[in-house]
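Remarks on the structure that follows.
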Amino acid sequence: MRKLSKDFIKGNEVLFIGYSSRNSAYSKGIYQAFANHNIKVYPYNTKENATYDVKVYQSLTELPKIPENAFILLNRENTEKAVKQLIGRGVKRILFYNAKMADEKLLKECEKAGIETAAGCPMMIYGTGFHKFHGLLTGVK
Amino acid sequence: MKVFPLIRRKWSNEHIMAGVFFVLILYHIPQWVHSSFEILVFLLMVAESLVIDSIMNHFRYHRMWCCVSAAVTAAMLSAMTYGIPLWGRMAGVAAALLVGKHIWGGTGRNLINPALSGLLLLALLFDMPYPYFTESYLLIPAAIFSLPFLRMRPFAGIGLILGMMSALLLNGDFTLTKLLSYGVFFWGCLVITDPVTVTAHPVVGAVAGFLAGISSLYYFPVQIAIVISILTVNLFSAATESIYKRNTRLLKHKRALRKIVPYPGDKAHVIDLTGEKGNRFTAASEIKEKYINAMNNRQYRCNVSESKRVELSMDSILERIRDNDVFGRGGAAFPTYDKIIAVKEAEVPQKYLIINGAECDPGLIHDRWLIRNQWDLIMKGIVLLNHCVGFTTVYLAVKDVSDLQIPKDITVHKIKDYYPAGAEKILITEVLKIQVGPEKIPADLGILVLNVQTVYSLYEAVIHNKTMNSRFLTVADLRSKRAHVVKVKLGMRLSEVMDAVFPDSVNVFAGGGVMQAYLAEEDAVVDKRVNFIATSVYPNYKESPQCSKCAVCSSNCPVCLKVYMIVDLVDRGLSYKTGKYHADECIGCGSCSYSCMAGRDLAAKVFTAKSELKKKA
């Protein structure tokens, strides 16, 4: 798994798995940061009866199309489930919020399926202010 | 649907507090010249304040953040406590933040100035320097840079400065060094201008400030006097704020919002996406048809044989207006027929027609285009209206009267360039100098206000007997500041319109204008209320609950609501109590969100309060 870099996300669409209603400010921040860089975001969360400011898809079949890029903001257990769902559905790149979310076994599965992986908060690339500074400190370019 | 302005003020409270902090550093220069150890003391005090603030905010909001205001409190104390032992100064900072700020609920909720509460404690425990600063010309830059901060609470600040100057005059001490050493500009520009603890009411602020200034230097010339005086002003301000439910001074303080620079050459042409003249969009999509049928419940018709001017009776004109579904194009989408009938039936001696060409929203350009390019047709619409009602005077309200060729029987009223000058009741006040109360409608007074495009569509509906399922709107790219006038059919997908004008746009917003927009969903369509479609970056509103009560939101509210008080109640889950601040009178213009110095989307909160009151009613 590589460190997040500017050229990791290709194209202008990303599937945001784990768009949260509980931590809505942060999720919204990431959503807006992508969108402000002309990247169309498909927020995804399987949770029922949650309210959001934007349209959030509850199943992959509901999506108009599966983007080539996916960003995952979930705990370790749910990350594994989400990645297994994505394999074989046309996703070519997965960005994990941090490196601890995916173990070696899962990464190998991704590699076998031809999925490129990276870890890092997208705000370090697409955000502003302190997020950029955070990116600078962690060497995200 | 969450509606918000797409643009907002860049300046925030944090920027202003950073400026205050810089000026406070200048006040330290004489100390630092005298002893360089004081720099270390200053840094320690600032670090302590930030740690305490972070811990307290973590308890309160479950987020580890600290405010610049905490550093300002420490810097203020550091400037005033030269000569006191370090432990005492550190204790002063802790007391200031815990007792003066956080015990009340944190930023924006404290009744008293935190720095002054710490200073009061230290004055009781230690022998404080008097006058407050050493007599030194090194304080001149600090005094000069203090002056801009008078803007926050100008009346209280000027009152205090005048009070202190009067005292110095009466004492025979009126010299520059005395002004500096007694900290006249320090207290007047930096301390009493704290918007959280000092009232925005001009008369109360000025009188209280003057009394505080003169009493502290003339009647009780001791160090602690100014501290107690300003703390008294703080308590007096809190009492005043609770008495005055509405701010009645505010109508003079409306501010013009910036105008988007339109795309060069857009005045000369319009992009037609209706397909009526064989343009790109010839086939209506399924969703479009569905929408049109639902809204109009009839088929689109345009009878060419009736397109010539015909002699119509008053009843026929009104019938066509009703049957062809002419509605208000300004954003409210109210049926025009109902409006005309209400004015027609009003029993008043004089009746007025105001053609609203104000286009006050800074993002719109299509009304201006219509007035300059379709005036003949608009004029015919006015003639039809006049035939039905018989107006005493017809006004055309516009911001820009240059290159207009309007007949003499229409009175052109040039209105000031501010937002929201085009809101119906505000426009009536501007043009006719008549106040229409919240419980009244303009029709009761015989006043009909119609948007320029409504009159244009009225002409089309009556003369061409055409169902009104198309409209002009502004399509803009706010990133590159380009805009076009576009004619669309009602029911077209917003994304379809955007793709035709600005292809590959990701963030699509729509609404009444740049000040009242919402994020458009994938399948959203052009409905009756859509005046504006745009692609833009998100305005990045903050979720911070830390309002500093600067009252800029209230200053910009066209209906003089105490927005910050309403929002405070909403934040505390007490929306049902907002009736006492007249939240139900909000016109939803979004000026408060645009101007909020804490970067918050206040309009959304007021909307919540308004909805709650409606439910309750």
Side-chain angles (χ1 to χ4, degrees), chain A residues 9-16 19-45 50-69 71 121-134, chain B residues 1-4 6-8 10 12 14-15 18 54 61-66 68 287 477-480 493-495 498-499 502-510 517-524 534-546 571 598-601 603-605 607-608:
Chain A
I9 291 187
K10 295 184 177 75
N12 61 352
E13 287 178 329
V14 68
L15 177 64
F16 182 168
Y19 186 94
S20 167
S21 61
R22 203 174 44 188
N23 191 7
S24 64
Y26 193 63
S27 294
K28 207 158 73 182
I30 295 175
Y31 175 98
Q32 293 181 358
F34 275 128
N36 288 344
H37 282 77
N38 242 18
I39 296 172
K40 181 151 183 60
V41 185
Y42 295 94
Y44 179 82
N45 195 323
T51 50
Y52 304 96
D53 280 352
V54 293
K55 160 97 180 152
V56 175
Y57 297 91
Q58 285 191 322
S59 76
L60 291 177
T61 50
E62 208 184 313
L63 285 162
K65 63 185 273 201
I66 307 253
E68 288 185 357
N69 307 292
F71 164 62
C121 171
M123 294 296 275
M124 292 191 285
I125 297 270
Y126 303 106
T128 53
F130 281 112
H131 296 292
K132 283 265 183 204
F133 183 63
H134 184 200
Chain B
M1 191 180 294
K2 199 178 164 195
V3 178
F4 50 86
L6 286 176
I7 51 172
R8 72 177 182 87
K10 297 279 180 216
S12 73
E14 297 290 281
H15 291 115
S54 302
Y61 305 113
H62 309 291
R63 283 177 71 178
M64 203 71 179
W65 79 51
C66 55
V68 187
I287 190 163
D477 179 354
L478 298 188
R479 295 177 220 231
S480 60
R493 276 173 188 263
L494 295 175
S495 53
M498 197 43 122
D499 277 348
F502 296 109
D504 301 324
S505 300
V506 169
N507 295 342
V508 178
F509 298 92
Y518 56 84
L519 179 67
E521 298 287 349
E522 276 286 295
D523 52 357
T535 177
S536 164
V537 293
Y538 281 86
N540 195 20
Y541 288 106
K542 292 178 186 169
E543 302 290 330
S544 160
Q546 302 200 348
D571 282 344
R600 306 175 71 198
D601 185 9
K605 306 258 180 189
F607 180 76
T608 309

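Everything numeric here is computed off the predicted structure, so don't read it as measured data. All chains are named by letter (A, B, ...) in the order of the sequence lines, taking the proteins before the strands, and each is independently numbered beginning at 1.
The number of heavy atoms from other shown groups lying within 6.0 Å of CZ (B:Phe607) does not exceed 12. Environment of NE2 in A:His134: sparse, with no more than 12 heavy atoms of neighbouring residues, nucleotides or ligands closer than 6.0 Å.
Residue pairs meeting the salt bridge (charged side-chain N to carboxylate O under 4.0 Å, His left out) criterion with at least one member in residues 24-45 of chain A, sequence neighbours excluded, are A:Lys28-A:Asp53, A:Lys28-B:Glu543, A:Lys40-B:Glu522.
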Steps toward side-chain contact (heavy atoms from CB on, under 4.5 Å) verdict (A:Val54, B:Lys2): CA-CA 10 Å; A:Val54 293; B:Lys2 199 178 164 195; over 6 Å; no
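Listed here is the closest heavy atom pair of A:Asn36 and B:Asn507: OD1-ND2, 3.3 Å.
A:Glu13 places none of its side-chain heavy atoms less than 4.5 Å from the side chain of B:Val506.
The ring-ring contact (aromatic ring centres under 6.0 Å, His included) check on A:Phe133 picks up nothing, with sequence neighbours excluded.
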